[in-house]
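Because only heavy atoms are used, hydrogens play no part in the values below, and waters and symmetry mates are left out as well, while side chains stay in. Being a predicted model, the structure only gives us computed values, none of them experimental. Below, read A as the first sequence line, B as the second, and so on, with proteins coming before strands; counting in each chain starts at 1.
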Amino acid sequence: MSKEITSRSEDYSQWYIDIVKKANLAENSAVRGCMVIKPYGFALWENMRDQLDRMFKETGHVNAYFPLFVPKSLFEAEEKNAEGFAKECAIVTHYRLKANPDEKGKLMVDPEAKLEEELIIRPTSEAIIWNTYRDWIKSYRDLPLLINQWANVVRWEMRTRLFLRTAEFLWQEGHTAHATKEEAIAETLKMQDVYARFAEEYMAMPVIKGVKTVNERFAGAEDTYTIEALMQDGKALQAGTSHFLGQNFANAFDVKFLKEDNQLEYVWATSWGVSTRLIGGLIMTHSDDDGLVLPPRLAPTQVVIVPIPKPSPELDEAANKVLQQLQAKGIRVKYDLDDKKRPGFKFAEHEMHGIPVRLGLGMRDLENGQIEVARRDTKEKAAQPLEGIAEHVAQLLDEIQQNLFQKALDYRNAHITPVDSFEELQQVLEEKGGFVAAHWDGTTETELKIKELTKATIRCIPNDAAEEQGACVLTGKPSNKRVLFAKAY
RNA sequence: CGGGAUGUAGCGCAGUCCGGUAGCGCACCUGCUUUGGGAGCAGGGGGCCCCAGGUUCAAAUCCUGGUAUCCCGACCA
């Protein structure tokens, strides 16, 4: 047990904060609700970003960049979208400061530098992007337009939590334009798949693909598809969303194209995004009371070699040989050359940082032609021959990746509980947590009532929900499939 | 935005009630001894006591206002 972090059973929220801080991922900044992402946390984000970027490009998308500011008149053009975000917007009203005549050394907003039109700091970029697309799309030959941008956005949240909900966060937002409704819906689903694949294959975080209810839908969307993950405390996390926007934005921004038959039609749209919130999900899926646990595919450092008890010419030589062999296999490996810290301290430190594999190398090992291999996920240690160590480690990293996913999947599957009465729903939510699969009559009214009574929301209607006749747990009205309820972040 | 708690060295905290030289542990620096799971001893450095104003001979301590963080709630496509 770590000396430095609160255990999960003692205080889950504090445990999460301790991990973020002690593993050097991020810290709070001088700006309310905004975090500083530290180098180690950013290295992790870079790995996630790079992989997602590859996947977007493989599916035909290109990157571009649009402005941080959205003129208010554009922002308000799509009414539902504007209304949905209005309460959490930061707004620029002036463009100049001046010396304060009443207080020496202080500045004040220059009242003469008021902007003609306020600028909204983007909470999302549909408005500015669709205003731009109007000029880019004239013909069916201009479609589809498949663009992604990596950016920061600002949402003035009342209550923030590192990575999970910050006032400013980093994300990607894809904005695509299509000639037909079918093609746009196919794109929406395709990106939901990309997100699910990324979550499961790289983050080792199992997710449920589904569609949001009307109440939980993105403002301005016709349908919102989501990937929902389950955290170790039994709460759900919306990990990524992909929206079918219909012709709402094309209408609002007057984006029309000429079809082959010379008819004008509004463009069909999608948008999709994931954010630094994924890091919060990654932490809460795998980490333990000893610190961060990272899946090998995303770990900034996959293997660390620790000389025992400290660096020496013989150990350095042997360690560097191992280092080179691992690097030749494309493994991200470091040799811990610090000669001030003792091995035990380093072990704890590397465990805190979630490095998947630690190799311990001392004179005793060298004499026996072996090296100690310790894995972060199970805490198991075993001596391995130095001969063929690179192959062994490469295989072990795959095994760890697989094990983390399997463990999370088993936990998640054990926490999808079907219930057939409201009492059961309440009881499972209170005592066990996780997803509860129940029948629902399809109305927003019932959904809100259940939320009020249980604090749980409908996370999604799973894409693969089986047809099944049943009765709504609250109203008893007929329902033909189960939806997933959960308390959520 | 409502309720509660907390801001004192890089981190964790005591001191605040009852005003009077700013302390402890860890971390850091130096030396010696150690070294296969968070080393020991000795010496040393480091403070706008969250910010602003007020009361007082005197404020970390009392008063007023602000601000940040954490928890609960509301809100959160």
Can [X] and [Y] be counted as having a side-chain donor-acceptor contact under 3.5 angstrom?
X      : Y      : result
A:T270 : A:T176 : yes
A:W150 : A:D53  : yes
A:T443 : A:D441 : yes
A:N215 : A:T444 : no

What's the closest nucleotide to the side chain of [X] if the choices are [options]?
X      : options                : result
A:M352 : B:rG36, B:rG38, B:rG37 : B:rG38
A:K455 : B:rG38, B:rG73, B:rG36 : B:rG73
A:E157 : B:rC76, B:rA74, B:rG36 : B:rC76

Write down the distance between [atom1] ([X]) and [atom2] ([N]), rounded to a whole number of angstrom.
X      : N      : atom1 : atom2 : value
A:E168 : B:rC76 : CD    : P     : 22 Å
A:I5   : B:rG38 : CD1   : P     : 17 Å
A:D338 : B:rA27 : CG    : C1'   : 14 Å
A:R358 : B:rG37 : CZ    : P     : 10 Å
A:K235 : B:rC76 : NZ    : P     : 16 Å
A:K451 : B:rC76 : NZ    : P     : 6 Å
A:M158 : B:rG3  : CE    : P     : 15 Å
A:L366 : B:rG36 : CG    : P     : 17 Å

Using a strict threshold of under 4.0 Å (side-chain N to carboxylate O), is an ion pair present between [Y] and [X]?
X      : Y      : result
A:K72  : A:E76  : yes
A:K379 : A:D290 : yes
A:E216 : A:R459 : yes
A:D289 : A:R8   : yes

According to the Watson-Crick and G-U wobble definitions, with both distances under 3.5 Å, which nucleotide is paired to [N]?
N      : answer
B:rG53 : B:rC63
B:rC1  : B:rG73
B:rG43 : B:rC29
B:rG12 : B:rC24
B:rA58 : none
B:rU35 : none

Any N/O pairs under 3.5 Å between the protein and nucleotides 29-35 of chain B? List them or say none.
| residue | atom | partner | partner atom | Å |
| --- | --- | --- | --- | --- |
| B:rU34 | O2 | A:R342 | NH1 | 3.0 |
| B:rU35 | O4 | A:K310 | NZ | 3.0 |

Using a heavy-atom cut-off of 4.0 Å across all strands, would you classify [X] as base, sugar-phosphate, or nothing?
X      : value
A:E351 : base
A:E216 : sugar-phosphate
A:G362 : base
A:Q238 : base
A:K379 : nothing
A:M35  : nothing

Quiz item: Taking the P atom of each, how far is B:rG4 from B:rC49, in whole Å?
Solution: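 Between the two P atoms, the distance is 28 Å.
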
Quiz prompt | A:E228: which of A:R412, A:K212, A:K209 passes side-chain contact (heavy atoms from CB on, under 4.5 Å) | solution =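 It is A:K212, the one option of A:R412, A:K212, A:K209 that forms the side-chain contact (heavy atoms from CB on, under 4.5 Å) with A:E228.
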
Exercise. Taking the side chain as every heavy atom from C-beta outward, state whether A:K80 and A:N248 have any atom pair closer than 4.5 Å.
Key: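 In short, these two side chains do not touch, never coming nearer than 4.5 Å.
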
Using 30° and 60° as the class limits, which term best fits the ring planes of [X] and [Y]: parallel, tilted or perpendicular?
X      : Y      : answer
A:W268 : A:F244 : parallel
A:Y12  : A:W15  : tilted
A:H243 : A:F218 : parallel

Check nucleotides 43-53 of chain B against the protein and report each pair of N or O atoms closer than 3.5 Å, with its distance, or say if there are none.
none

Exercise. Using the salt bridge (Lys or Arg N to Asp or Glu O under 4.0 Å) rule, pick out the option among A:K381, A:R358, A:R376 that qualifies with A:E351.
Key: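 Checked A:K381, A:R358, A:R376 against A:E351; only one passes salt bridge (Lys or Arg N to Asp or Glu O under 4.0 Å): A:R358.
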
Can you check nucleotides 67-71 of chain B for protein contacts, nitrogen or oxygen pairs under 3.5 Å, and list what you find?
| residue | atom | partner | partner atom | Å |
| --- | --- | --- | --- | --- |
| B:rU69 | OP1 | A:G33 | N | 3.0 |

Quiz item: When you check the phosphate oxygens OP1 and OP2 of B:rG38, does a side-chain N or O of A:K346 lie under 4.0 Å from one of them?
Solution: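 The answer is no; no side-chain N or O of A:K346 sits under 4.0 Å from OP1 or OP2.
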
